[in-house]
Amino acid sequence: MAIYNQDIAALFKEMADLLEIDAANPFRVRAYRNAARTIGDLTEELGEKVEAGSDLIGIDGVGKDLAAKIEEIVRTGTLSALQEIHEKIPPGIGELLKLPGLGPKKVKVLYEDLGITSLDSLEKAAQEGKLEQLPGLGKKSQEKLLKAVASRRDMSQRFRRADVMPYAEGMVKQLREADPDAQFCLAGSYRRACETVGDLDILAESGQAGTLMDAFVQAGEVTEILAHGKTKSSVLLRNGLQIDLRVVPPESFGAALHYFTGSKAHNIAVRRRARQMGLKVNEYGIFRGEDVVGGDTEASVFGALNLSEIPPELREGRGEIEAAAGGLLPALVERKDMKGDLHTHSTASDGNATIAEMAAAAKEAGHDYMAVTDHTKRLTIANGLDEERLHRQIDEIDELNGTLEGFAVLKGSEVDILEDGSLDLADDVLERLDLVVGSVHSLFNLRRDAQTERILRAMDHPFFTFLGHPTGRLILSREPYEVDVPRVIEHAAQRGCYLELNANPKRLDLSDIHCSLARELGILIAVNTDAHRTRDFGYMIHGIGQARRGGLQKKDVLNTRPLASLRKLLEKTRLS
DNA sequence: GCCGTTTTCGGCCCGACTGTTTTCAGTCG
């Protein structure tokens, strides 16, 4: 059985959890967590590196010891150090660390005094009133833990970013009414445009901290107050979303915004740099001894550290500090750079607007062109088009284009990739199209090799333009199908075709990491909404957020091109 | 356990809030 990076990362995470409960050196714990995070982000498989005999030392956070442990995992599938610690700390107990209010110390007490190793046994002990008798715990902790177990069971702990936008805006609106002079900014993973967020962080600059705090905990949707302090409070909404509000004075706003935007890994890296320069960074400012050297704006924080300003989307501790120090940060693509949308549907298949209506909406969204890419016959559930219907649609689009001014509708198709890698429509109709999006809509459970080969073969088709939603994942609801994405990306580079970053907020498919790999290999990415309704063109902002996280610049994105250059690039993918 | 303008040892980010405490440890972000 092949070992993938995610497996190695999972073992290191578990190791970190158990070591932490075992009260190991906290920096040793951090070393495991750091390595797990780095390895989870890598695009090259360490299993292959080990087989090839390459050196693992040099991977960020991997030294001699962890390199040996990775080799052990790859060769044996297990980690003996983990099994050793299992003799002291039972497996699965790390789950308890995820409960709010429980950290390593208390988990250890729970296990040693009451033998608690699971949510079930914790719940039972709490119901029997045993927790309140433990040192450091009381009646209140017991009640909170009982609630935490219940809420853990009945709701997922993360939210798609797009789904929390209305809650974020609603809360800020209520706070603004309480203090019209305050400034608000959403921070955290939300500001970094992460695919999912665990909670919302709202930062306020205000002289009325108390007023804001009161308004916050009394807001309409709040069902529980988790903390209510002078400058910092946390609440839980009915849907389980946690919101944190922090109020700071104007001179600290930039430092606080930087701090609460994170990520944690980025902040640690920034503070390490500050320390090396003899400075100290906290959420109130940046200091040399007692002297303030920055903090009112984010620019002042980066400036004091001799860094160019790092866009929030890149603050993941993946080398952005070094890039900023060397003046090597990319100028990230922006929404206004987008000239068109190359993946849309109409009533001909499973969309709910006509081509003319979609074209009008695309133009309204600021685009100069749009490609119609309805489904094909294999996807009967979506009323996919067969050759004859597509021929007619092509004629229809030609006719429509004759009536449009300052806007072009391109002729395309989202063609099903069949099991053997062939395309779902005959060449004579594909040849008439401006572009062909190849997508997998069936047989998600093929073995990894078979799925990868299937896709590579489809890409080799002479009329193939780009791969639609390359992994098929649905965020928080469906795992990607088993496919060797780096291999697909490398193949696209050799073949001379493109990849899609699907901007639908449920998909955001490619991931940021894979976007970054594609960019390194010089592959153009089409950022498309896959719109099925006119309002879906609004999805573009989510795609742009993801593209920025992947470090994509305007030049890396296919549909930032004006129509004439776009046509040339589409033409270029055709093999004779 | 990693790492090096602190360089093979001795550091490793920093502060607010809670609950249980009676001066602070644990947790969280």
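Quick note on labels: first sequence line is chain A, next is B, and so on, each numbered from 1. Remember, predicted model here, so these are calculated numbers, not experimental data.
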Could you pull out every donor-acceptor pair under 3.5 Å between side chains of residues 87-95 of chain A and any protein atom, sequence neighbours left out?
residue: A/Lys88; atom: NZ; partner: A/Asp22; partner atom: OD2; Å: 2.9
residue: A/Glu95; atom: OE2; partner: A/Lys98; partner atom: NZ; Å: 3.0

### Residue met sooner reading DNA chain B from 5', once A/Lys69 and A/Asn267 are mapped to nucleotides
A/Lys69
### Message
Taking 4.0 Å as the cut-off, does a side-chain nitrogen or oxygen of A/Arg275 come that near to OP1 or OP2 on B/dC12?
### Response
yes
Name every donor-acceptor pair, under 3.5 Å, that has one atom in a side chain of residues 65-74 of chain A and the other anywhere in the protein, sequence neighbours excluded.
residue: A/Asp65; atom: OD1; partner: A/Lys69; partner atom: NZ; Å: 2.6
residue: A/Asp65; atom: OD2; partner: A/Lys69; partner atom: NZ; Å: 3.3
residue: A/Lys69; atom: NZ; partner: A/Tyr32; partner atom: OH; Å: 3.4
residue: A/Glu72; atom: OE2; partner: A/Ser80; partner atom: N; Å: 2.7
residue: A/Glu72; atom: OE2; partner: A/Ser80; partner atom: OG; Å: 3.0

### Query
For the side chain of A/Asp60, counting heavy atoms from C-beta on, which of B/dC3, B/dT27, B/dG1 is nearest?
B/dC3
### Residues from residues 256-266 of chain A lying under 4.0 Å of DNA chain B - heavy atoms
A/Tyr259, A/Lys264
### Task
Would you please name every residue forming a side chain to side chain donor-acceptor pair (under 3.5 Å) with A/Thr76, sequence neighbours left out?
A/Thr78
### Task
Could you name each residue pair satisfying side-chain hydrogen bond (donor to acceptor under 3.5 Å, both in side chains) that touches residues 320-335 of chain A, not counting sequence neighbours?
A/His266-A/Glu320
### Task
Would you classify A/Asn34 as touching base, sugar-phosphate or nothing, given that sugar-phosphate means primed atoms plus P, OP1 and OP2, and contacts are heavy atoms under 4.0 Å?
nothing
### Pairing residues for A/Asp296 by the side chain to side chain donor-acceptor pair (under 3.5 Å) criterion, not counting sequence neighbours
A/Ser300
### Query
Which residues pass the salt bridge (charged side-chain N to carboxylate O under 4.0 Å, His left out) test with A/Glu251, sequence neighbours left out?
none
### Query
How would you list, by chain and number, every residue that makes a side chain to side chain donor-acceptor pair (under 3.5 Å) with A/Asn502, sequence neighbours excluded?
A/Glu500, A/Asp530
#### Entry: Summary of side-chain hydrogen bond (donor to acceptor under 3.5 Å, both in side chains) pairs that have at least one residue in residues 41-62 of chain A, sequence neighbours excluded
A/Asp41-A/Arg318
### Task
Please identify each residue that fulfils side chain to side chain donor-acceptor pair (under 3.5 Å) with A/Ser118, with sequence neighbours left out.
A/Ser121
### Task
Could you tell me whether A/Pro104 contacts a base, only the sugar-phosphate backbone, or nothing, with contacts defined as non-hydrogen atoms closer than 4.0 Å?
sugar-phosphate
#### Entry: Annotated protein contacts, base or backbone, on nucleotides 17-23 of chain B with a non-hydrogen cut-off under 4.0 Å, one of B, S, - each
SSSS---
### Task
Kindly state which residues belonging to residues 285-313 of chain A come within less than 4.0 angstrom of DNA chain B, counting heavy atoms of the residue only, listed by number.
none
### Query
Do the side-chain N or O atoms of A/Arg271 get closer than 4.0 angstrom to the phosphate oxygens (OP1, OP2) of B/dC12?
no
### Summary
note: A/Gln242, atom CD; B/dT27, atom P; distance rounded to Å ~ 17 Å
### Query
Just checking A/Val281: base, sugar-phosphate only, or nothing, at a heavy-atom cut-off of under 4.0 Å?
sugar-phosphate
